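Scroll down for the structure; my scribbles are underneath it.
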Amino acid sequence: MKLKVGYIEIRDIMTADKAEVRDGVLYVDTKALEAIALEDEHIKSVKFDVARPGESVRITPVKDVIEPRAKVEGPGDIFPGMTTKVATVGSGTTHVLRGAAVVTVGKIVGFQEGIIDMTGVGADYTPFSATNNLVVDFTPVDGITAHEYEAAIRTAGLKIAYELGKLGKNLTPDETKEYDFPSLMEGIKKYPDLPRVGYVLMLQSQGLLHDTYVYGVDMKQSLTTMLSPTEIMDGAIVSGNCVSACDKNTTYHHQNNPVIEDLFSEHGKTLNFSAMIITNENVYLADKMRSSDWSAKLVDYLDLEGVIISQEGFGNPDTDLIMNCKKIEETGTHTVIITDEYAGRDGTSQSLADADAKADALVTAGNANQVVTLPKLDRVIGTLDYTEKIAGGFAGSLESDGSITVEIQAITGATNELGFSRLSAR
Amino acid sequence: MVKEIERAGIPVVHVCTVTPISMTVGANRIVPAVAIPHPLGNPSLGAAEEKQLRRKIVQTALDALATKVDGQTIFEVK
């Protein structure tokens, strides 16, 4: 499967009567976007705001971040099975408004949404301090359940991003990249001497608002399966997650998965990127056993020599991670796992809930329990009402001077397990 | 908690869903639970069936408590 991705650089977002992209500025018609959001009867009102890199702005509680993209040529459309018809995506041409993001805000669970700071210390911990964000704050109608609220925000966010993405359809991209994912046999014929490497992407699927959708399918109802990494670039995987902000994959993370990016950049040079496997993280032990069995079966059948496994979330998914790792290693295939740590505030506690001697190659995305004090910022988009309840927050988090002391767990994308973050070690 | 209570000389049964984690942390008597969000029940069952299931889990745990073990042991709920 071949996909050409054209990037149109966006350096600012402004509201205007006419929606368009001109000279690197994304002009948005918030009236038209509001009408799209209000198509859902669960949404009472919606408020738009723009947050730019460097501005003294704090956005919270953040639900999802979505990149505007448009299908220019080829089958299917962005977010297939969710807000567009089911059809296989991942080939042809796609345009991206790079530097722009839709950030959805709403107090769905209250304690499981995140913080994005556009300046100060907090900005260093989230990649979304570097994007121009159209922030959409949703108020639901009275009396709806958290599940209905989540579904309404998820869908409206995707539709708004889709609408913005269309503005880049007929533009000439500033940069174009080509991603060629050949069939298994083609790849082996082309690169007979390169090691066959696969990627197992674990998707959060615990239910109770911790869900991920693939072509519209709730991933907890699926067995481990395969697709082309280019399909993911076209929005085949969408986040429906309200879970700790630091290590959940937002839709933006899926659209820009750095593991896929790096595997492509090494493809045909040092390795043969041979397979993309997706699996789930369910709450029944039998599901964990079955899904990890299936990951190992696919790896064995495909005769891969090396596999990268990335986790999403923490806690019981550590067991899914270790099961995937152990069972794949037992097929004779080397693994490297990517995870993050909950090692306590001083970093001395056990990092993962589960472990195995076979997990001997690990990349960490950082310690989510690390404490940071975020300065008061001039403007808050959303509300600070949940600061002390947010995962990573605690009683006393919100100081009287407006500063916030939290574990970095509370910051959107801080310890992202795809490696889409800025933390490093000396 | 399991380990600290046992250290004080009182035997413990760890009823939990993800038994591999229980094995990793070193529990000696382990009883598998239903699911992470509802370890000791199953909301998809009717009230009578669920009561029976809950009774079975507790009975298995009590039996485990009274059983001598030589090492880490998982007691399946029958």
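Everything quoted here is computed from the prediction, not taken from an experiment. Sequence lines set the chain letters: A, B, ... in the order given, protein chains first and strands last, and positions in each chain run from 1.
- Of all non-hydrogen atoms in B:Val34 and A:Tyr284, the two that sit nearest each other are O-CD2, 3.3 Å.
- More than 12 heavy-atom neighbours from other residues, nucleotides or ligands sit within 6.0 angstrom of NZ on A:Lys297.
- With rounding to the nearest 0.5 Å, the separation of CG in A:Asp356 from OG1 in B:Thr24 is 8.0 Å.
- Most heavy-atom pairs under 4.5 Å with chain B, from the set A:Asn316, A:Leu208, A:Asp287: that is A:Asn316.
- With values rounded to the nearest 0.5 angstrom, A:Thr319 atom OG1 is found 3.0 Å from B:Ile21 atom CD1.
- Residue-environment remark: NE2 (A:His42) exceeds the threshold of 12 foreign heavy atoms within 6.0 Å.
- No more than 12 heavy atoms of other residues, nucleotides or ligands sit less than 6.0 Å from atom CD of B:Gln52.
- Taken from CD1 in B:Ile36 to NE2 in A:His210, the straight-line distance is 11.0 Å, to the nearest 0.5 Å.
- Heavy-atom distances place both the backbone and the side chain of A:Leu285 under 4.5 Å from chain B.
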